[in-house]
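What follows is a short report on a single structure.
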Amino acid sequence: MLVNRDLKQLLTYAALGQALQEATGNQVKITQVSQDAYVQFLETTGLNHDTAALFASFQSPINDGALAEKSADLAHVLGRQPLEASVAIKEILAR
């Protein structure tokens, strides 16, 4: 999870999907899948099983709330408030 610009709420995957939809005008479906299903998906992209399992394991602490912390660290590092997610996505896609 990321913190949105005003630090009042965390930016969830669902909110990030909404921002992506706003930025692109495309429909976006966010689906929570099991770790096993994620491993299987990663294998379809060409990763071997061990690498796919390693990448999928990174999601477990996130699912458990390890990143669910409000912080001004990003603003501090940037030296300014971060952009709204949809605005940042638009800027990235315009490059």
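Every residue meeting the side-chain contact (heavy atoms from CB on, under 4.5 Å) condition with Thr31, not counting sequence neighbours, appears here in chain and number order: Lys29, Val33. With sequence neighbours left out, Asn63 forms a side-chain contact (heavy atoms from CB on, under 4.5 Å) with Gln32, Gln59. Considering only residues two or more places apart in sequence or on other chains, Asn26 meets the side-chain contact (heavy atoms from CB on, under 4.5 Å) condition with Thr24. With sequence neighbours excluded, the residues forming a side chain to side chain donor-acceptor pair (under 3.5 Å) with Glu22 are Gln18, listed by chain and number. Under the side chain to side chain donor-acceptor pair (under 3.5 Å) criterion, Asn48 pairs with Thr51, not counting sequence neighbours. Every side-chain contact (heavy atoms from CB on, under 4.5 Å) that Ala75 has, sequence neighbours left out, goes to Gln81, Pro82. Not counting sequence neighbours, Asp64 has no partner by the side chain to side chain donor-acceptor pair (under 3.5 Å) test. For Gln35, the side chain to side chain donor-acceptor pair (under 3.5 Å) criterion is met by no residue, not counting sequence neighbours.
By the 4.5 Å side-chain criterion applied to Ile, Leu, Val, Met, Phe, Trp and Tyr, Val77 is assigned to no cluster and stands alone. Other members of the cluster containing Ile92 do not exist, because no ILVMFWY side chain is joined to it at under 4.5 Å.
Listed by first then second residue, pairs satisfying ring-ring contact (aromatic ring centres under 6.0 Å, His included) with a partner in residues 56-90 read Phe55-Phe58, not counting sequence neighbours.
Residues Ser57 and Pro61 share a closest heavy-atom pair of O-CD, 3.3 Å.
Judged by distance alone, the side chain of Gln21 and the main-chain N or O of Gln27 form no donor-acceptor pair under 3.5 Å.
Leu16 CG to Leu11 CG: the interatomic distance, rounded to the nearest 0.5 Å, is 5.0 Å.
Ile89 and Tyr13 end up in the same hydrophobic cluster when Ile, Leu, Val, Met, Phe, Trp and Tyr side chains are linked at under 4.5 Å.
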